[in-house]
Amino acid sequence: MATGLGVFTAIVGAWVLVPLAAFAVVFLLFRYVSVGSMTAGAAFLAMTVAVPSLRGYIPLGAVVAALILCTHLSNIARLGRGEERRFRF
């Protein structure tokens, strides 16, 4: 995750705070890291669509969002069955 954050910071600058904030909010509300990660991926894509200066990165945003969803397919299945573990503080 840290490498991805560094790469996306280099690409989109301070805008990287949008998906990072989305991750933090969802993670703190629901305590599922996987749900926070998927939300951050969706937020990255939405940000590339919504911010005119980032529209050239829409294909990257789509690939990132799709890869994150594919990576979390097992988590999605566990969430559906109510078996996904919540993070404990």
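Note that this is a predicted model, so its numbers are computed, not measured. Numbers for residues simply follow the sequence, beginning at 1.
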Distance-minimising heavy-atom pair for [X] and [Y]:
{"X": "A62", "Y": "L45", "result": "N-CD1, 3.5 Å"}
{"X": "A43", "Y": "A22", "result": "CB-CB, 3.8 Å"}
{"X": "I68", "Y": "S37", "result": "CG2-O, 3.6 Å"}

Going through the distances and angles, do R55 and T48 end up as a side chain to side chain contact (heavy atoms under 4.5 Å, CB included)?
-> CA-CA 5 Å; R55 290 204 178 122; T48 61; over 6 Å; no
Treating Ile, Leu, Val, Met, Phe, Trp and Tyr as nodes and any side-chain heavy-atom pair under 4.5 angstrom as an edge, say whether [X] and [Y] lie in one connected cluster.
{"X": "L69", "Y": "I58", "result": "no"}
{"X": "L54", "Y": "V7", "result": "yes"}
{"X": "L60", "Y": "V49", "result": "no"}
{"X": "W15", "Y": "V63", "result": "no"}
{"X": "L5", "Y": "M47", "result": "yes"}

Does atom OH of Y32 have more than 12 heavy-atom neighbours from other groups under 6.0 Å away?
-> yes
Selection residues 64-89 - residue pairs positive for ring-ring contact (aromatic ring centres under 6.0 Å, His included), sequence neighbours left out | F27-F87, F27-F89, F87-F89
Would you please test M38 and V26 for side chain to side chain contact (heavy atoms under 4.5 Å, CB included) and show each step?
-> CA-CA 10 Å; M38 290 183 282; V26 170; over 6 Å; no
Keeping the roles fixed (side chain from R86, backbone from F30), state whether a donor-acceptor pair exists under 3.5 Å.
-> yes
Per the side-chain contact (heavy atoms from CB on, under 4.5 Å) rule, which among V33, V18, T39 passes with F23?
-> V33
With the threshold set at 4.0 Å, does a side-chain nitrogen-carboxylate oxygen contact exist between E84 and R78?
-> yes
Distance col, row F8:CZ vs L20:CG, nearest 0.5 angstrom, shows 12.5 Å
